[in-house]
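Fair warning: this is a prediction, and the values are worked out from it, not measured in the lab. Labels below follow one simple rule: chain letters A, B, ... track the order of the sequence lines, proteins then strands, and each chain is numbered from 1.
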2 protein chains.
Amino acid sequence: MKHTILIFSALSIGLLCLFRLSKYSYLSGSIAIEIILVVVAVVFFTLGLFLKKKEAIWENVRSPEVDKYKIQQLGLSKREYQVLLEVSKGLSNKEIADKLFVTESTIKTHVSNVLLKLDAKRRIQAVRIAKKLQIINT
Amino acid sequence: MKHTILIFSALSIGLLCLFRLSKYSYLSGSIAIEIILVVVAVVFFTLGLFLKKKEAIWENVRSPEVDKYKIQQLGLSKREYQVLLEVSKGLSNKEIADKLFVTESTIKTHVSNVLLKLDAKRRIQAVRIAKKLQIINT
DNA sequence: CCGTATTTGGTACTTTCGTATGAGTGCAAA
DNA sequence: TTTGCACTCATACGAAAGTACCAAATACGG
């Protein structure tokens, strides 16, 4: 929640600056008002995407033949399942970390948990089991 | 081929010993002739399986949807393909080594070659690629 | 028999994985 | 508001995996 507050604070300040800037530039004609609008639009669109993404993780699971029920039955969390998906693509922990914007340590933790919950010794086994359980594709 | 000769020599000797033993035990009644027969049967059956297995490696490839042509096109040798199959099951190098009766070094060599030929960075990627190329199942 | 490809194996080194443990934060339900 | 779960991150260690290079025995077709 702290993050959200910080982000909105920063956005409010930025918006105020833009307002002042827009007044000034509108008068002076140095910057077109349209550009200001575009900046605002882009920023808020990005923010919208960012906030939406949090809720959109499970949307991806609605691909054919994926047994969402089993995932929850196994106790796999969203993030763990997400990591499992990347693991199944053959990415290294470091690569997954970069892709998901977290550290390698975090990925290691997730992978370890996945191995535990899927009762696998190695990541490649986890992928095999996951496919058998039809919680991932291909 | 040396192996085969050695094995057949050993078997011949063993067989001779069994013949003598059978005569002796038949007369003395200490060992039933049936047991001798069972031993011979088991030994030769095992031998048969052993020899058959060597030729049967590529037989396994005749499973549905496996593109044998592509395997050769990629330059994968029998052994390398065999190792790839075990890798795809999630076995460790050590486990594969034990299963195929060779050392871990050998498996490492094979896996390295497979990674090269399949243009993969990690074994799990190799499995993915192999599946895409339809040279392995599941 | 010869040359090539395969198979096996070793050493030495680096990288990646996996485990164990602890800890701070966010979030939602009780 | 407390409590529990999910997520993040760190450190330290040991186990696997992978690379590079080499060497030797064997298989196999010509």
Side-chain angles (χ1 to χ4, degrees), chain A residues 1-8 50-51 53-55 57-58 71-72 74-84 86-127 129, chain B residues 1-7 51 53-55 57-58 71-84 86-127:
Chain A
M1 193 51 94
K2 268 184 181 175
H3 283 177
T4 314
I5 292 173
L6 282 176
I7 290 176
F8 271 99
F50 180 73
L51 291 182
K53 202 169 57 181
K54 276 199 168 179
E55 301 303 318
I57 294 174
W58 282 115
I71 297 176
Q72 297 176 333
L74 288 166
L76 283 179
S77 70
K78 287 181 199 176
R79 206 54 162 166
E80 283 161 358
Y81 179 74
Q82 212 174 0
V83 169
L84 174 60
E86 301 303 331
V87 166
S88 76
K89 292 175 188 167
L91 301 185
S92 70
N93 289 337
K94 187 77 190 66
E95 288 168 339
I96 301 174
D98 291 342
K99 193 167 180 180
L100 300 185
F101 304 108
V102 294
T103 67
E104 201 182 341
S105 298
T106 307
I107 301 300
K108 280 188 178 184
T109 304
H110 288 320
V111 172
S112 266
N113 289 334
V114 170
L115 294 187
L116 267 182
K117 291 175 181 174
L118 289 189
D119 193 29
K121 284 182 185 171
R122 276 168 286 281
R123 47 175 50 212
I124 202 172
Q125 272 185 2
V127 171
I129 294 171
Chain B
M1 194 53 90
K2 268 185 179 173
H3 282 180
T4 315
I5 293 173
L6 283 176
I7 289 175
L51 289 183
K53 203 168 58 182
K54 274 200 169 178
E55 301 303 317
I57 295 173
W58 284 114
I71 297 177
Q72 295 177 332
Q73 201 180 17
L74 288 166
L76 283 180
S77 70
K78 286 183 197 174
R79 206 56 162 169
E80 283 162 358
Y81 179 73
Q82 210 174 3
V83 170
L84 174 60
E86 301 304 330
V87 166
S88 77
K89 293 176 188 167
L91 301 186
S92 69
N93 288 339
K94 187 78 190 71
E95 288 167 339
I96 300 174
D98 292 341
K99 193 167 179 180
L100 300 185
F101 303 108
V102 294
T103 67
E104 200 183 344
S105 297
T106 306
I107 301 301
K108 280 189 177 183
T109 306
H110 289 321
V111 172
S112 267
N113 289 334
V114 169
L115 294 187
L116 267 182
K117 292 175 180 174
L118 289 189
D119 193 30
K121 284 181 187 170
R122 277 168 286 282
R123 46 175 50 213
I124 202 171
Q125 271 185 3
V127 171

With heavy-atom distances below 4.5 Å as the criterion, would you say the side chains of A:Leu76 and A:Leu84 are in contact? yes
Taking all non-hydrogen atoms of both residues into account, name the closest pair between A:Ile96 and A:Ile107 and its distance. CG2-CD1, 3.6 Å
How is B:Ser112 classified with respect to the nucleic acid when contacts are heavy atoms under 4.0 Å: base, sugar-phosphate, or nothing? base
Looking just at side-chain N and O atoms, do A:Asn113 and A:Arg79 make a donor-acceptor pair shorter than 3.5 Å? no
Between B:Arg122 and D:dA17, does any side-chain N or O lie under 4.0 Å from OP1 or OP2? no
Rounded to the Å, how far apart are B:Ile124 CD1 and D:dA16 P? 17 Å
With sequence neighbours left out, what residues match A:Leu116 under side-chain contact (heavy atoms from CB on, under 4.5 Å)? none
Whole angstrom value for the distance that separates P of C:dT15 from CG of B:Leu115: 17 Å
Polar pairs (N or O, both sides) under 3.5 Å between protein and nucleotides 8-11 of chain D?
| unit_1 | atom_1 | unit_2 | atom_2 | d |
| --- | --- | --- | --- | --- |
| D:dT8 | OP1 | A:Arg79 | NE | 3.0 |
| D:dT8 | OP1 | A:Arg79 | NH2 | 2.8 |
| D:dT8 | OP2 | A:Arg79 | NE | 3.0 |
| D:dT8 | OP2 | A:His110 | NE2 | 2.9 |
| D:dC9 | OP2 | A:Thr103 | N | 2.9 |
| D:dC9 | OP2 | A:Thr106 | OG1 | 3.2 |
| D:dC9 | N4 | A:Thr109 | OG1 | 3.4 |

Can you measure B:Asp98 atom CG to D:dA16 atom P for me and round it to whole angstrom units? 12 Å
Say whether, by atom type as modelled, one donor and one acceptor occur between the side chain of B:Glu95 and the main chain of B:Leu91 under 3.5 angstrom. no
Round to the nearest Å and state the distance from B:Glu95 atom CD to D:dA15 atom C1'. 13 Å
Distance in angstrom units between B:Leu76 CG and C:dA5 P, rounded: 16 Å
Do the side-chain N and O atoms of A:Thr109 and A:Thr106 include a donor-acceptor pair separated by under 3.5 angstrom? no
Check the distance between C:dA5's P and B:Lys78's NZ and give it to me in whole angstrom. 16 Å
According to a strict under-4.0 Å criterion, is B:Ser77 in side-chain N/O contact with OP1 or OP2 of C:dT7? yes
Going by the rule salt bridge (charged side-chain N to carboxylate O under 4.0 Å, His left out), which residues pair with B:Glu86 if we only count those two or more places apart in sequence or in a different chain? B:Lys89, B:Lys99
Length of the NZ-C1' vector between A:Lys121 and D:dA15, whole Å: 13 Å
Distance check: side-chain N/O of A:Asn93 vs OP1/OP2 of C:dC17, anything under 4.0 Å? yes
Tell me: OH of A:Tyr81 to P of D:dA6, nearest whole Å? 17 Å
